[in-house]
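Data block below; observations after.
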Amino acid sequence: MTKELLPGLALQKVDERIMTLNVGPQHPGSGHMRIIVQIDGDFIVACDPDPGYVHRGEEKMAEYRNYITNIPHLERPVIHDSCNVLYPYVLGVEELLGIEVPERAKYIRVIASELNRCVYTMYWLAIYGIFLGHSTMFMWPAGDRELLIDLLEKMTGARVTHAHFVPGGVRNDLPPNFEDVCLRQVNYFEKRIKEYAAIFYDNPILIARTANTGVLSREDAIRLGTTGSVLRASGVDYDLRKKEPYDVYEELDFQTNVLKEGDSYARSKIPWLDMMESCRIIRHALQKMPKSGSVRVKLKPNPKGKGLNSVYKRVESGRGSLGCYIVSDGKPEPYRVKLSVPSFRNLIALPYLLKGEKLGNMPSVYWSLNYWPVEADR
Amino acid sequence: MNTATGIIKALNSGIKHLAIKRFTLRYPEEKLKFVGDGYQFDPSTGVGIAGYKGRHMLFHDHCTGCQLCSIACEGVAEAIAMVKVPEEYKHNKKAIMPQIDYGKCVFCGLCVDACPFYALYMTNDYELSSFSKEGLIYTPAQLQVKPFVSQDSEIKITDRGATHG
């Protein structure tokens with residue numbers, strides 16, 4: 001009987017040329033995960049990502065809490081993108097309980113989730129900048145992110161982990177005069193992110209660093225099951241907001257951004273282009289939103305699902321398609337909640353991308369996958 | 001675009017910011033202004049009123065000791081415990097009121113949504129640090145006090161950039 005060992009602990013045949021290097025789990029570059037890299041000189045021969053250091057049992061916890069008290073802890077996997085993480089759960093519970101959501105609440109949700117997508121992407125972009133040694137690109141997005149955090153704070157009452165979406169709508173209506181403030185700050189935000197082109201995206205030094213590194217072909221991107229910006233950077237036009245519109249996305253005017261290159265540069269550019277689309281969506285949604293009306297359906301204190309029933313809903317989060325599978329057995333608590341997260345799907349591509357790359361390119365290729373360790377571990 | 005112009009453009013875009021005011025909130029001296037007096041909830045319509053989710057505020061004359069806030073918190077953080085208070089109000093027969101442990105509270109505000117008697121609201125106060133764990137536990141008497149906040153800084157957007165004015 002052979003004993004199964006954890007990756008990295010197993011004895012390996014010693015090769016004089018190959019060295020095994022543990023990047024993480026306490027490395028500023030890797031986040032809460034370990035990447036086991038085997039290098040020959042400066043070139044990566046093989047790579048084995050080892051997530052699981054921040055497993056928190058969110059799915060098991062959800063079985064002991066009712067449909068409403070599940071909200072605060074289910075948004076914890078990605079606190080910067082908490083509205084989008086909660087979105088599929090809320091949509092699923094609404095279908096299970098048979099709730100019809102008011103029109104105004106749908107628009108508020110779309111605005112909140114687009115603001116959240118930008119907040120997440122700015123944080124991600126800041127880290128991507130510091131990975132490449134571009135400290136201006138760390139400071140600028142981290143500062144400009146405050147504009148949108150301020151809007152979310154006015155809307156939901158918290159900087160991160162908003163707990164704003166509930167089955168049946170949103171927790172509270174927009175504050176007075178919000179539309180004007182939102183429009184002003186989003187317009188300025190869009191102007192600011194356009195300035196990033198000169199210093200970052202058109203910067204020849206950045207292009208030399210990231211172009212043609214970690215190339216993922218269109219076929220591989222589909223075969224490995226990647227989603228979101230990784231898939232769209234490889235030339236596949238797949239955005240759930242277009243393909244499976246939820247809430248009011250089909251009434252809003254926006255387009256998806258697709259690049260063909262599939263390298264680290266294209267993968268980093270897609271979220272930046274998506275932010276401009278998000279600004280367009282927010283402006284259009286503010287314009288089309290009903291000016292008054294209910295934002296939340298009154299529920300019974302302890303809502304129950306109807307018999308044995310299951311539902312699967314997915315949304316486009318800041319990282320890709322995020323699904324939630326809920327099984328109800330007629331009790332106030334769900335029987336099972338399964339989160340299908342984009343981070344984990346995109347991580348699968350990492351060993352394929354890093355093969356043959358230089359070790360110095362590892363951080364930029366790794367972070368261009370739009371990976372969030374806490375979300376992948378749940 | 002060739003390499004030289006690209007680098008010059010990148011440098012230029014950074015140098016421009018030497019002349020622009022910084023977008024920095026000097027925190028202890030200036031504090032961001034929030035909407036309203038904190039998150040509140042109207043049980044008659046079932047919709048909340050937008051506001052910051054900070055430290056709670058308990059209205060002793062409304063609280064009936066029904067424990068609904070404590071039950072709502074059981075599934076979230078178990079931060080609310082019901083404690084004995086001196087018998088003062090007729091509607092609070094059991095003479096119990098919530099005591100909140102801010103070492104555990106996640107500021108989700110579900111306890112405010114659960115209160116049907118307009119007794120528990122949230123305020124703009126977020127400076128709750130303490131030197132001891134016991135200092136984070138707020139008794140009903142402490143929760144009754146309306147916090148003093150001086151938050152007046154707002155984001156101002158001009159042609160020359162955004163500032164915290």
Side-chain angles (χ1 to χ4, degrees), chain A residues 61 64-66 68-73 75-76 136 140 143-144 146-147 150-151 153-159 161-163 166 168-178 181 184-185 187-189 192 195-200 202-208 294-299 301 333, chain B residues 1-14 16-17 22-25 32-36 38-54 68 71-77 106-110 112-114 116 122 124 126 154-158 161-162 164:
Chain A
M61 273 166 76
Y64 294 96
R65 283 151 175 79
N66 67 29
I68 303 295
T69 47
N70 264 330
I71 289 167
H73 82 86
E75 63 181 7
R76 252 68 188 168
T136 310
W140 281 14
D144 293 332
E146 287 297 315
L147 289 164
D150 179 66
L151 287 176
E153 199 173 59
K154 286 191 168 84
M155 248 174 123
T156 68
R159 283 169 63 85
T161 56
H162 314 288
V166 279
V170 289
R171 293 272 293 280
N172 54 265
D173 207 343
L174 295 177
N177 206 18
F178 179 79
V181 181
R184 201 168 67 225
Q185 297 196 5
N187 285 344
Y188 177 72
F189 175 77
R192 277 290 297 158
E195 283 179 34
Y196 295 176
I199 202 161
F200 196 66
D202 293 345
N203 193 331
I205 300 169
L206 178 98
I207 296 172
S294 168
V295 292
R296 186 177 180 180
V297 179
K298 216 172 173 182
L299 291 183
E333 298 89 18
Chain B
M1 185 165 48
N2 65 32
T3 313
T5 34
I7 290 173
I8 289 165
K9 268 193 173 174
L11 282 173
N12 194 26
S13 135
K16 256 194 331 202
H17 279 259
R22 280 191 202 167
F23 183 53
T24 309
L25 180 74
L32 259 188
K33 194 180 173 185
F34 300 123
V35 176
Y39 178 73
Q40 301 177 353
F41 187 76
D42 188 356
S44 63
T45 55
V47 179
I49 299 154
Y52 188 75
K53 289 180 191 144
L68 278 177
I71 291 164
C73 198
E74 248 167 40
V76 181
V106 295
F107 300 95
C108 64
L110 287 178
V112 179
D113 285 17
M122 292 178 117
N124 286 339
Y126 52 85
E154 268 183 22
I155 292 178
K156 286 197 182 103
I157 291 164
T158 57
H164 281 111

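Residue numbers begin at 1 in each chain, while the letters A, B, ... track the order of the sequences.
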Inset, instruction - Below 4.5 Å from any heavy atom of chain A, which atoms of B:D42 appear? Answer side chain, backbone, both or neither. - result: neither
Inset, instruction - Measure distances from B:P116 to the heavy atoms of chain A and classify the residue's part below 4.5 Å as side chain, backbone, both or neither. - result: neither
Legend entry - Greatest number of heavy atom pairs closer than 4.5 Å to chain A - which of B:A10, B:G38, B:A4, B:G14: B:A10
Legend entry - Side-chain donor or acceptor of A:K154 paired with backbone N/O of B:A50 under 3.5 Å: no
Legend entry - Minimum-distance pair of heavy atoms, taken over all atoms of A:K298 and B:P43: NZ-O, 3.1 Å
Legend entry - Shortest non-hydrogen contact from A:N172 toward B:V47: CA-CG1, 4.2 Å
Legend entry - Option that, when pairs with chain B are counted at under 4.5 Å, heavy atom only, ranks first among A:G169, A:P72, A:G157: A:G157
Inset, instruction - Could you look at A:M155 and say if it's the side chain, the backbone, both or neither that has a heavy atom under 4.5 Å from chain B? - result: backbone
Inset, instruction - Kindly indicate whether the side chain of A:D202, heavy atoms from C-beta on, has any atom under 4.5 Å from the side chain of B:K9. - result: no
Legend entry - Shortest non-hydrogen contact between A:T69 and B:L110, atoms and distance: CA-CD1, 4.2 Å
Legend entry - Portion of A:I207 that has a non-hydrogen atom of chain B nearer than 4.5 angstrom: neither
Inset, instruction - Find the one option among A:I68, A:L147, A:T136 whose heavy-atom pairs under 4.5 Å with chain B are most numerous. - result: A:L147
Legend entry - Choice from A:V295, A:V166, A:T156 maximising heavy atom contacts with chain B below 4.5 Å: A:T156
Legend entry - Heavy-atom pair with the smallest gap, counting every atom of B:K53 and A:H162: NZ-O, 2.8 Å
Inset, instruction - Verify, without hydrogens or angle tests, whether A:R171 (side chain) and B:G48 (backbone) share a donor-acceptor contact under 3.5 angstrom. - result: no
Inset, instruction - Select one option (side chain, backbone, both, neither) describing which atoms of A:E146 are under 4.5 Å from chain B's heavy atoms. - result: both
